[in-house]
Protein chains: 2
Amino acid sequence: MSVSDFEQRRKRILELIIEAYVASAAPVGSEYVSKKLRSSLSPATIRNIMVDLEEAGLLEQPHTSAGRVPTDRGYRYYVDAVMDVHHLPQEELRQMAALIEPPELDVEELLERSGEALSQLTQQAAFVVAPTVKQSTMKQVELVPLGVRKILCVMVANEEIVSSSVVEVTEPMTRDEAAALARFMTTELAGLPFGGLLESLERRMLAQSDSFYHLVKRSLDILQHALSTEPEERLLLEGASYVIAQPEFLRDPRKAQELLRGLDAEDVLLQRLRQDAGGEGVRVRIGREVQVPGLDECSYLTASFAIHDEAIGGLGVLGPRRMDYRRMRALVEGMSRCVTDVLSRWERESS
Amino acid sequence: MSVSDFEQRRKRILELIIEAYVASAAPVGSEYVSKKLRSSLSPATIRNIMVDLEEAGLLEQPHTSAGRVPTDRGYRYYVDAVMDVHHLPQEELRQMAALIEPPELDVEELLERSGEALSQLTQQAAFVVAPTVKQSTMKQVELVPLGVRKILCVMVANEEIVSSSVVEVTEPMTRDEAAALARFMTTELAGLPFGGLLESLERRMLAQSDSFYHLVKRSLDILQHALSTEPEERLLLEGASYVIAQPEFLRDPRKAQELLRGLDAEDVLLQRLRQDAGGEGVRVRIGREVQVPGLDECSYLTASFAIHDEAIGGLGVLGPRRMDYRRMRALVEGMSRCVTDVLSRWERESS
DNA sequence: ATTAGCACTCTATTTTACTGAGTGCTAACA
DNA sequence: TGTTAGCACTCAGTAAAATAGAGTGCTAAT
């Protein structure tokens with residue numbers, strides 16, 4: 001028997017064990033696997049292979065006389081090298097898009113709906129890392145005087161992402177002054193990424209004491225406040241109850257509590273998710289790879305959604321390590337496609 | 001012994017039982033109560049009174065040979081007629097205000113921080129029913145053309161509450177047209193409650209086919225879309241893990257799951273909370289009174305916060321029925337005061 | 001009206017025994 | 001050399017039985 005055949009067989013058996021364990025939440029024994037293979041191999045042989053897989057760190061035994069359970073590394077190997085990639089058929093994608101598209105052009109609601117739908121479809125917790133202007137590029141500024149010394153600063157990143165915040169200024173400003181200043185800011189700053197806005201203005205202020213000094217100073221004042229109010233990113237989280245309902249958590253209330261703690265600390269979770277939510281395709285984090293306190297018994301999958309081929313946010317699914325990665329992958333990928341499609345359709349229709 | 005003395009004694013004993021149960025989460029026996037009363041009454045006497053209280057529906061026994069546990073009605077009676085009302089001292093209120101006041105004038109963040117602080121202080125779940133323009137009165141409209149047929153519609157309710165949404169219009173609009181229309185809308189609609197805005201415009205359109213017909217029609221178009229995008233209210237929820245950590249839920253994972261389900265269905269919860277979050281003072285809902293599926297083993301307290309003496313939102317605490325209502329009442333009241341104070345201080349400072 | 005005394009009830013805990021799934025190992029086999 | 005039957009062994013999970021003890025309700029005395 002060739003080495004490749006040998007490897008094939010190990011993969012097949014790992015696959016069977018993982019799929020059975022995902023379905024049943026109970027350790028998987030050699031007899032079950034043997035039967036599934038239509039008796040092409042006896043339980044004893046399976047056991048030998050299982051020992052191999054265990055030594056390779058892909059499986060483990062909860063106790064001496066139990067079946068096997070996948071380890072983090074086992075799942076990882078399964079995800080990377082064993083499971084076949086499944087894509088949702090066009091038809092389902094269309095249904096999904098219809099499900100999540102809100103009656104009005106409203107990114108916020110589109111994302112909320114995506115989260116809800118994803119959570120429903122996967123029966124897991126779903127999350128959306130929603131974009132804010134800060135990741136994006138400045139396009140336009142508007143200033144609206146509200147009270148005596150309050151102005152509303154509206155910053156437009158693109159047609160879909162708008163930020164508005166109330167800023168208090170030291171000296172009152174007339175409507176016309178505000179309009180002029182806004183025009184100045186727009187011409188000066190349009191095209192620049194939000195990240196470098198303040199630095200750019202500061203540099204300008206130092207460099208030349210020109211006739212615009214006053215305008216630059218005022219712009220800087222306002223932007224500083226407006227940007228400090230703006231969050232980096234927002235996290236929408238939906239369907240934690242699905243995860244709690246999984247047997248691993250029902251059996252052990254402490255784990256349930258830990259899970260909730262982890263999800264409650266949104267900042268930490270968000271911090272971690274943004275690292276993965278940017279790139280191409282679907283990323284998978286398994287168990288300890290998650291690296292978030294309280295969530296080390298969980299896994300998540302992320303994918304990004306984009307406008308103009310540029311990723312502006314991410315979405316995904318979070319659940320127990322024991323999840324159907326194949327299906328989850330397909331659904332997360334599908335949903336990210338859907339959101340991207342709807343966004344770009346909006347873009348197209350309105351131009 | 002007078003009837004009043006009799007009643008006093010019953011109250012005292014109910015109080016002791018509830019307070020002991022709140023602290024220990026275990027049924028309370030007659031001996032414990034007797035000891036707490038410095039042996040002014042023997043356990044046997046206490047038992048007689050306990051039978052009374054049980055017949056009155058204020059206590060119940062988990063089983064024949066256990067101590068007593070308060071019923072919903074028992075807690076209700078305690079809250080309404082037994083416990084003394086406690087107010088936070090000025091000093092603590094000041095500390096609280098310092099804790100929640102964000103570095104920038106930003107209602108959103110003020111409310112988020114209030115929720116977090118309240119959750120921390122009470123070690124329960126905390127919620128904030130955040131205001132949106134829809135509850136309020138129109139003050140000003142601005143229209144900013146974005147794309148070809150997209151305009152940003154900014155509606156100001158007061159200096160703190162601003163709504164902005166992207167609206168798609170059928171015919172393109174120049175900057176000047178937009179400015180004119182916004183001016184028209186502001187003069188026409190300022191002072192009207194958002195609720196009646198559309199009706200008011202519709203009436204006007206029917207009544208007179210004046211020279212403004214076109215402007216009215218355009219206003220209506222835009223407002224319809226802008227308002228439909230705007231949510232009625234938003235719910236911030238913080239610290240669910242504190243509640244899950246309570247022994248009643250740790251002991252029984254099913255109850256934990258039910259709880260999570262209830263909290264996950266934000267719409268239902270929000271719907272219920274807004275009913276209570278408007279009025280004066282602190283409201284308490286206990287157990288089945290909560291009337292939200294999945295949360296019938298919980299209680300919540302709400303209070304409102306206001307600008308210009310008008311309630312614009314609510315906040316409160318949600319936890320197991322077995323909670324320290326006295327302390328919770330004081331903290332919820334204090335937090336609502338704090339938020340109201342900070343808001344009105346902002347108002348004052350900027351005028 | 002209050003209380004001491006006591007039998008009684010019922011949960012929770014511990015103990016013990018038992019079952020059975022699944023393993024690892026050995027020896028035989030192809 | 002890979003595969004397999006056979007078998008002793010391990011160990012979680014369950015059930016049954018015994019025990020402890022907290023707390024009650026009732027009665028009769030004060």
Side-chain angles (χ1 to χ4, degrees), chain A residues 1-10 12-14 16-17 20-21 23-56 58-71 247-248 250-252, chain B residues 1-10 12-14 16-17 20-21 23-56 58-71 247-248 250-252:
Chain A
M1 186 180 279
S2 77
V3 176
S4 164
D5 280 355
F6 209 84
E7 200 47 38
Q8 268 323 99
R9 204 171 63 181
R10 281 170 46 120
R12 178 79 184 119
I13 287 169
L14 180 64
L16 278 173
I17 291 175
Y21 182 64
S24 70
V28 182
S30 55
E31 196 174 321
Y32 171 87
V33 177
S34 172
K35 271 195 184 130
K36 270 279 169 179
L37 285 172
R38 310 293 196 97
S39 307
S40 68
L41 288 175
S42 80
T45 313
I46 303 291
R47 281 203 290 278
N48 288 330
I49 300 171
M50 280 169 144
V51 171
D52 282 1
L53 290 169
E54 186 164 1
E55 277 165 1
L58 305 180
L59 295 179
E60 67 186 353
Q61 288 183 287
H63 53 266
T64 332
S65 74
R68 255 74 173 199
V69 159
T71 62
E248 27 271 87
L250 281 187
R251 271 180 213 145
D252 186 347
Chain B
M1 186 179 281
S2 77
V3 176
S4 165
D5 280 356
F6 208 82
E7 200 46 37
Q8 268 322 99
R9 205 170 62 181
R10 280 170 47 122
R12 178 78 185 120
I13 287 170
L14 181 64
L16 279 173
I17 291 175
Y21 182 64
S24 69
V28 182
S30 55
E31 196 173 320
Y32 172 86
V33 177
S34 172
K35 272 198 182 126
K36 270 278 169 182
L37 285 172
R38 309 293 197 98
S39 308
S40 66
L41 287 174
S42 79
T45 313
I46 303 292
R47 281 203 289 279
N48 289 330
I49 302 170
M50 280 169 144
V51 171
D52 281 1
L53 290 169
E54 187 166 0
E55 278 165 0
L58 304 180
L59 294 179
E60 67 186 351
Q61 287 182 286
H63 53 266
T64 335
S65 75
R68 255 75 173 201
V69 158
T71 61
E248 28 271 84
L250 280 187
R251 271 182 212 142
D252 187 346

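These values consider heavy atoms only, across backbone and side chains, with no hydrogens, waters or symmetry-generated copies. All of these numbers come straight from a predicted model, not from anything done at the bench. The sequence lines fix the lettering, A, B, ..., with proteins before strands; numbering per chain opens at 1.
If you take CD1 of B:I46 and P of D:dG25, they are 13 Å apart, rounded to a whole angstrom. The separation between A:R68 atom CZ and C:dG22 atom P is 12 Å, rounded to whole Å. Atoms CD (A:E31) and P (C:dG24) sit 15 Å apart, rounded to a whole Å. With rounding to whole Å, A:H63 atom NE2 is found 14 Å from D:dT10 atom P. In this structure, the CG atom of B:N48 is 9 Å from the P atom of D:dG25, given to the nearest Å. Note: CG (A:L59) to P (C:dT23) measures 11 Å, nearest angstrom. Across the protein-nucleic acid pair, B:Y32 atom OH and D:dG23 atom P stand 12 Å apart, rounded to whole Å. Distance, A:R9 CZ to D:dT1 C1': 12 Å, rounded to whole Å.
Side-chain contact between A:S42 and A:T45 is present, with at least one heavy-atom pair separated by less than 4.5 Å.
If you check distances only, the side chain of A:S65 does reach the base of D:dT10 with a donor-acceptor pair under 3.5 Å.
Taking 4.0 angstrom as the limit, A:S42 places none of its side-chain polar atoms (N or O) nearer than this to OP1 or OP2 of D:dT3. One finds a side-chain N or O of B:T45 lying less than 4.0 angstrom from the OP1 or OP2 phosphate oxygen of C:dT3. Contact check, B:Q61 against C:dT9: no side-chain N or O comes under 4.0 Å of OP1 or OP2. At C:dT23, one or more side-chain N or O atoms of A:S30 fall inside 4.0 Å of OP1 or OP2 (strictly under the cut-off).
Residues B:A20 and B:V28 approach most closely at CB-CG2, 3.8 Å, considering heavy atoms. The minimum heavy-atom distance between A:P62 and A:G67, with the atom names listed, is CD-O, 3.4 Å.
One N or O on the side chain of B:Q61 and one on the backbone of B:A66 form a donor-acceptor pair closer than 3.5 Å.
Checking C:dG24, C:dA4, D:dT3 against the side-chain heavy atoms of B:A44 singles out C:dA4 as nearest.
Heavy atoms of other residues, nucleotides or ligands lying less than 6.0 angstrom from CD of A:E31 number 12 at most.
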